[in-house]
Number of protein chains: 2
Amino acid sequence: MVRTARFSSDDFLDAAMALVAEGGPTAATMQAIARRVGAPTGSIYHRFDSRSAVLGAAWNAAYASFVAALAPFLLGGHPREAALAILPWCGENERRARFLLLHEPVALFEDSPPPAPLRLALERLEDEFDAAFRACVTACGDGAAREEDLARARFLIFDGPIAILRPYLVQGGALPPFVGRMIAELHAGMPLVAGQGTPAAAAA
Amino acid sequence: MVRTARFSSDDFLDAAMALVAEGGPTAATMQAIARRVGAPTGSIYHRFDSRSAVLGAAWNAAYASFVAALAPFLLGGHPREAALAILPWCGENERRARFLLLHEPVALFEDSPPPAPLRLALERLEDEFDAAFRACVTACGDGAAREEDLARARFLIFDGPIAILRPYLVQGGALPPFVGRMIAELHAGMPLVAGQGTPAAAAA
DNA sequence: CACATATTAGAATGCACTGTCTACTTGGCC
DNA sequence: GGCCAAGTAGACAGTGCATTCTAATATGTG
């Protein structure tokens with residue numbers, strides 16, 4: 001090292017995430033990222049091979065943070081707590097949340113997929129998340145994690161809560177207090193494992 | 001009329017929808033739309049003012065079809081039937097479903113919003129859909145449609161079922177049989193109006 | 001104080017896309 | 001059969017983007 005760097009990789013990743021969060025995938029042009037950081041466009045290429053490398057790295061970072069927030073609860077067999085953990089994560093990572101949860105990856109990567117190493121890293125993250133779901137389902141059920149049970153778990157813990165939050169993520173600002181209640185009710189009313197009967201009915 | 005048209009407006013709309021459904025918003029370039037129809041790019045501008053006019057018209061058409069499929073059940077006060085009506089609609093409109101339900105409008109229209117008449121038409125459709133939701137909530141509840149109840153209805157009837165379907169819409173092909181069951185359970189377990197108690201608990 | 005080199009700097013290149021413009025073609029009608 | 005407007009045809013200009021290239025610059029080390 002002979003010259004101190006003015007711009008770090010993270011500077012560019014943060015800028016890219018913020019731009020996507022604020023204006024959608026096409027707002028994150030290389031020139032916009034550079035402008036936001038205060039660097040010339042060429043400097044980005046000193047850190048990243050291409051635009052898809054920037055977006056891919058940003059995606060992986062956000063995804064990793066999200067998985068890290070939920071995995072402990074899943075591995076401990078607590079689906080409800082995992083679902084509710086999304087709320088504080090969104091509160092502490094509003095930018096990441098809007099980036100990760102409001103945009104289909106297809107819209108980000110359709111034009112050119114990220115380079116192979118990033119793709120592999122993402123696959124590993126997805127496998128990790130998937131394994132956590134399976135662990136949660138087997139811990140809560142009778143041992144066999146069928147296709148339907150996994151779909152149910154993904155809905156109860158991930159897609160459902162995200163669907164509840166999405167309108168408020170879109171409009172920005174704090175989440176209304178009743179979203180936590182809705183997520184809790186979702187878990188109270190719908191069984192994690194098919195055929196277990198609803199928890200509510202079991203309690204009655 | 002002196003010359004018969006070779007290409008209709010609908011030809012271009014269908015092509016645009018198909019391209020977005022298959023490859024995301026940026027796949028629907030004017031050149032790609034023209035190529036798919038077999039027309040020169042200039043011909044599209046004979047029917048539409050701009051690219052956003054094409055995408056906006058396609059969006060409105062898909063949205064109108066969707067609303068028309070659900071509104072009767074909502075106005076009749078049958079939230080469960082409305083949610084389940086999404087399934088046959090997706091089966092009969094796979095292309096429209098992927099176009100409408102898999103892409104945030106922001107990704108389609110962020111670069112340039114559709115012309116005013118289309119924006120107004122869309123607002124009218126959204127108001128119509130919204131009014132149907134309100135009607136359903138008031139029909140099922142005690143008369144007052146609070147903010148939270150409306151959010152709950154939107155989740156139970158629209159966002160929740162879509163979240164259940166999304167993985168299968170993404171991968172394409174027929175929907176697995178258990179998605180209907182999951183939607184039904186969602187309605188059985190979670191009350192449409194807050195504080196009514198779960199239908200399951202009430203039945204027990 | 002010079003050297004080596006990581007890094008900045010930003011102009012230049014090439015490409016793909018939108019929207020325009022002009023010429024050509026079709027086909028019902030007088 | 002010729003007329004004429006709706007419509008096709010596709011080249012073209014303008015724009016904005018990702019990426020490249022060359023030159024300049026800073027700074028820890030010897």
Side-chain angles (χ1 to χ4, degrees), chain A residues 1-20 22-59 107-118, chain B residues 1-20 22-59 107-118:
Chain A
M1 307 290 172
V2 269
R3 178 178 177 176
T4 54
R6 285 186 56 199
F7 314 111
S8 69
S9 295
D10 279 347
D11 289 338
F12 296 121
L13 291 187
D14 287 346
M17 244 186 276
L19 285 164
V20 174
E22 289 163 17
T26 65
T29 69
M30 293 303 259
Q31 327 212 0
I33 295 169
R35 202 176 318 130
R36 193 178 183 106
V37 173
T41 59
S43 294
I44 307 178
Y45 287 89
H46 201 73
R47 308 274 176 195
F48 299 94
D49 285 344
S50 64
R51 178 173 182 268
S52 58
V54 179
L55 293 178
W59 185 265
L108 280 172
F109 303 127
E110 66 193 337
D111 303 313
S112 59
L118 287 173
Chain B
M1 309 292 173
V2 268
R3 178 177 177 176
T4 55
R6 285 187 57 197
F7 314 112
S8 70
S9 295
D10 279 346
D11 289 339
F12 296 121
L13 292 186
D14 287 345
M17 245 186 274
L19 285 165
V20 174
E22 290 162 16
T26 65
T29 69
M30 293 301 256
Q31 327 208 4
I33 296 169
R35 203 176 318 131
R36 192 176 183 108
V37 172
T41 59
S43 293
I44 308 179
Y45 289 89
H46 199 74
R47 309 274 178 195
F48 299 93
D49 285 344
S50 63
R51 177 172 182 268
S52 57
V54 179
L55 292 178
W59 184 266
L108 278 171
F109 302 127
E110 68 194 336
D111 303 313
S112 58
L118 288 173

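Owing to the predicted nature of the structure, the values given are computational and were not obtained by experimental measurement. In what follows, every chain begins at residue 1, and chains take the letters A, B, ... in the order their sequences are listed.
Among the nucleotides C:dA6, D:dT8, C:dA9, the one closest to any side-chain atom of A:H46 is C:dA6.
Here the closest non-hydrogen pair linking B:R47 and B:S9 is CD-OG, 3.6 Å. For the residue pair A:M30 and A:I44, the shortest heavy atom distance occurs at O-CD1, 3.4 Å.
In this pair, B:F12 and B:F7 present their aromatic rings tilted. The plane angle is within the 30 to 60° band.
At least one donor-acceptor pair under 3.5 Å links the side chain of B:R51 to the backbone N or O of B:A28.
A side chain to side chain contact (heavy atoms under 4.5 Å, CB included) with B:L55 is found for exactly one of B:L13, B:L118, B:L108, namely B:L108.
In this structure, the CZ atom of B:F7 is 13 Å from the C1' atom of C:dT25, given to the nearest Å. In this structure, B:D111 places its CG atom 11 Å from P of C:dG19, rounding to the nearest Å. Put simply, CZ on B:F48 is 13 Å from P on D:dG7, counting in whole angstrom units. Atoms CZ (B:F109) and P (C:dT18) sit 15 Å apart, rounded to a whole Å. The CD1 atom of A:I44 sits 16 Å away from the P atom of C:dT7 (whole-angstrom rounding).
For the atom pair CG of B:D14 and CZ of B:R36, the computed distance is 9.5 Å after rounding to the nearest 0.5 Å. To the nearest 0.5 Å, atom CZ of residue B:R35 and atom CG of residue B:L19 are 8.5 Å apart. With values rounded to the nearest 0.5 angstrom, B:E110 atom CD is found 12.5 Å from B:S52 atom OG.
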- Message: Base contacts versus sugar-phosphate-only contacts with protein, heavy atoms under 4.0 Å: please encode nucleotides 16-26 of chain D as B, S and - from 5' to 3'.
- Response: -BBBB----BB

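DNA chain D is contacted by no residue of residues 9-17 of chain A, taking any non-hydrogen atom closer than 4.0 Å.
Residue A:R6 places no side-chain N or O under 4.0 Å from the OP1 or OP2 atom of C:dA6.
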